[in-house]
Amino acid sequence: MSRMLWIILAIIAGAALILMFNTQSGTTLGFLNEDFANLIWLGILATVIGAGLLGSGHRVSEMARSLGLWVLIVLALVAGYQYRYEIQDFGSRITAGLIPGSPLMLGLEDGRATVVLDKGRNGHFAVRMEVNGKPVQAIIDTGATTTVLSSEAARAIGFDPQSLHYTVQVSTANGTANAAAIRVDDITIGNITRRNLPVLVAAPGALQQSLLGMNFIGSLSGFDVRGDRMILRD
């Protein structure tokens with residue numbers, strides 16, 4: 001066993017004994033016990049890294065360059081963690097611009113999840129939701145009592161439109177249409193999920209765009225429109 005390893009073990013044992021004796025006082029050599037323990041571990045880590053670099057046989061300039069690179073990597077990771085929510089919002093804005101209906105922003109308000117949606121060019125609030133884990137493009141329709149899926153969307157989430165029974169009459173912008181009643185496992189928008197919801201499936205050719213209705217919107221604690229943005233609150 002190398003001399004360096006013995007030295008490190010001795011330092012660890014000595015630090016552990018000192019902390020054991022100073023448990024009641026809460027301080028060691030003027031440091032809080034927790035800070036003292038962290039200082040010991042950081043010192044040991046620096047010693048091991050330094051010994052490894054010196055023993056590698058590389059030139060000092062090369063070692064300094066490698067050490068500086070690792071410092072930059074650590075700082076980048078720390079900065080990424082500290083600004084993770086800002087980075088997430090930035091990514092959401094990019095995604096919303098590339099994929100219509102994607103949440104513009106995700107967040108928390110009074111401990112509740114919030115989703116911000118942007119108004120589309122057609123003047124409607126489009127939403128890219130997940131139904132049974134599958135992406136479905138829809139329009140938010142507060143005048144619709146129930147969420148209505150197009151036959152194409154129903155097929156995408158695992159239902160066969162040809163095997164459904166279209167016995168429910170619904171009113172649409174184009175008049176009255178027939179729809180089939182089904183139940184889905186879950187509907188998710190951003191970080192808001194509702195489970196075991198009844199929805200309707202429009203007859204093939206009767207509806208071009210799925211509608212997110214009040215059986216989802218009405219389950220929220222609130223929603224409001226501010227200019228070209230809609231805020232959904234879990």
Any sub-3.5 Å donor-acceptor pair from Ser221's side-chain atoms to Arg233's backbone N or O?
yes

Verify side-chain contact (heavy atoms from CB on, under 4.5 Å) between Ile157 and Val184, making sure each step is shown before the conclusion.
CA-CA 9 Å; Ile157 67 173; Val184 297; 4.1 Å; yes

Within the 4.5 Å heavy-atom criterion, are Leu232 and Thr114 side-chain neighbours or not?
no

I want to check something: taking the side chain as every heavy atom from C-beta on, are Val148 and Val199 in contact at a cut-off of under 4.5 Å?
no

Grab the two heavy atoms, one from Ala153 and one from Val136, that are nearest each other, plus how far apart they are.
CB-CG1, 3.9 Å

With sequence neighbours excluded, residues passing side-chain contact (heavy atoms from CB on, under 4.5 Å) with Asp160:
Gln162, Ser163

Approximate separation, where rounding is to 0.5 Å, of Asp186 CG and Met129 CE
11.0 Å

Under 3.5 Å, side-chain donor or acceptor atoms of residues 205-219 against the rest of the protein: list the pairs with distances, not counting sequence neighbours.
unit_1: Gln209; atom_1: NE2; unit_2: Gln137; atom_2: O; d: 2.8
unit_1: Ser210; atom_1: OG; unit_2: Ser150; atom_2: N; d: 3.0
unit_1: Asn215; atom_1: OD1; unit_2: Thr147; atom_2: N; d: 3.0
unit_1: Asn215; atom_1: OD1; unit_2: Thr147; atom_2: OG1; d: 2.9
unit_1: Asn215; atom_1: ND2; unit_2: Pro198; atom_2: O; d: 2.7
unit_1: Ser219; atom_1: OG; unit_2: Arg194; atom_2: NE; d: 2.8
unit_1: Ser219; atom_1: OG; unit_2: Phe216; atom_2: O; d: 2.6

Rounded to the nearest 0.5 Å, what separation is found between the CZ atom of Arg128 and the OG1 atom of Thr188?
12.0 Å

Shortest non-hydrogen contact between Leu200 and Ala179, atoms and distance:
CB-CB, 4.0 Å

Using side-chain contact (heavy atoms from CB on, under 4.5 Å), reason through Met230 and Asp224 one step at a time and then give a plain yes or no.
CA-CA 6 Å; Met230 173 179 283; Asp224 60 75; over 6 Å; no

Partner set under side-chain contact (heavy atoms from CB on, under 4.5 Å) for Ala154, not counting sequence neighbours
Phe159, Val201

pair Asp185-Leu197: side-chain heavy atoms closer than 4.5 Å
no

Counting only heavy atoms not in Arg183 (residues, nucleotides, ligands), do more than 12 fall under 6.0 Å from its CZ?
yes

Spell out, as yes or no, whether a donor-acceptor pair under 3.5 Å connects the side chain of Tyr166 to the backbone of Pro161.
yes

